[in-house]
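A short worksheet on the structure shown next.
Computed from a predicted structure; not experimentally measured.
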Amino acid sequence: MLRQYHAPRFRGGDNPLRVGVIAAGSTYYLQNEAFFRDRYVGRAICRTPWLVEAFLNGTAGAARRNPDTGLWESVHHAGRSDMARVRSLRDRRIVREVAVRTLIVHDDLGLCQQPTAYPSLPDTERVRASRAARTVAPRW
């Protein structure tokens with residue numbers, strides 16, 4: 001199962017990688033902006049299901065300074081995005097990018113095809129072992 005790491009809204013418990021609450025493969029009925037602008041007055045249209053395919057790489061603007069030029073550069077982080085790629089199950093050719101916070105709102109309103117389960121947590125023992133191997137004692 002694909003997961004979103006270091007998500008702004010994440011699962012509770014022992015979750016050092018901050019795995020998000022949206023799993024790839026979840027199906028949602030995305031509404032247009034008029035549904036949210038009119039304060040939920042209209043009924044939700046559940047005609048076209050959308051499948052979450054992947055999470056895009058996140059961009060942190062002006063995150064690192066280039067030592068050669070002295071200018072700030074943007075950095076791309078894998079699996080740490082607030083954007084997801086969704087595909088229409090009605091017309092498989094249509095692909096869009098949707099904010100993860102929009103998917104969370106749709107999940108809270110129950111506009112999903114089936115109740116979405118949390119993504120499974122990865123094996124954190126390997127993560128802890130790799131972090132411990134990178135930690136080197138200072139030489140005096």
* To do: Go through the steps to decide whether Val98 and Met83 satisfy the test side chain to side chain contact (heavy atoms under 4.5 Å, CB included), and finish with yes or no.
  => CA-CA 6 Å; Val98 178; Met83 296 296 289; 5.9 Å; no
* Where is the tightest heavy-atom contact between Ser26 and Ala23, given as atom of each residue plus distance? -> OG-O, 2.9 Å
* Which atoms form the tightest heavy-atom contact between Ala62 and Trp72, and what is the distance? -> O-CE3, 3.7 Å
* Set of residues satisfying salt bridge (charged side-chain N to carboxylate O under 4.0 Å, His left out) with respect to Arg93, sequence neighbours excluded -> Asp91
* Name all residues meeting the salt bridge (charged side-chain N to carboxylate O under 4.0 Å, His left out) criterion together with Arg87; count only those two or more places apart in sequence or in a different chain, and write none if there are none. => Glu53
* Among residues two or more places apart or on two chains, list those pairs meeting ring-ring contact (aromatic ring centres under 6.0 Å, His included) that have a residue in residues 82-113. => Phe36-His106
* Residues in side-chain contact (heavy atoms from CB on, under 4.5 Å) contact with Val75, at least two apart in sequence or another chain -> Ala63, Arg64, His77
* By side-chain contact (heavy atoms from CB on, under 4.5 Å) - contacts of Thr69 (at least two apart) -> Asn66, Leu71
* Got a sec, which hydrophobics cluster with Leu51, joining ILVMFWY side chains under 4.5 Å apart, including via others? -> Leu89
* Side-chain (Arg65) to main-chain (Gly70) donor-acceptor, under 3.5 angstrom -> yes
* Are any side-chain N or O atoms of Gln31 and backbone N or O atoms of Ile45, one a donor and one an acceptor, separated by less than 3.5 Å? -> yes
How many angstroms lie between [atom1] in [X] and [atom2] in [Y], if you round to the nearest 0.5 Å?
X	Y	atom1	atom2	result
Trp50	Leu111	CH2	CG	14.5 Å
Ile22	Thr102	CD1	OG1	10.0 Å
Leu103	Asp82	CG	CG	11.0 Å
Cys112	Leu30	SG	CG	11.0 Å

* To do: Test side chain to side chain contact (heavy atoms under 4.5 Å, CB included) on Tyr28 and Val52 and set out the steps.
  => CA-CA 8 Å; Tyr28 292 96; Val52 178; 3.9 Å; yes
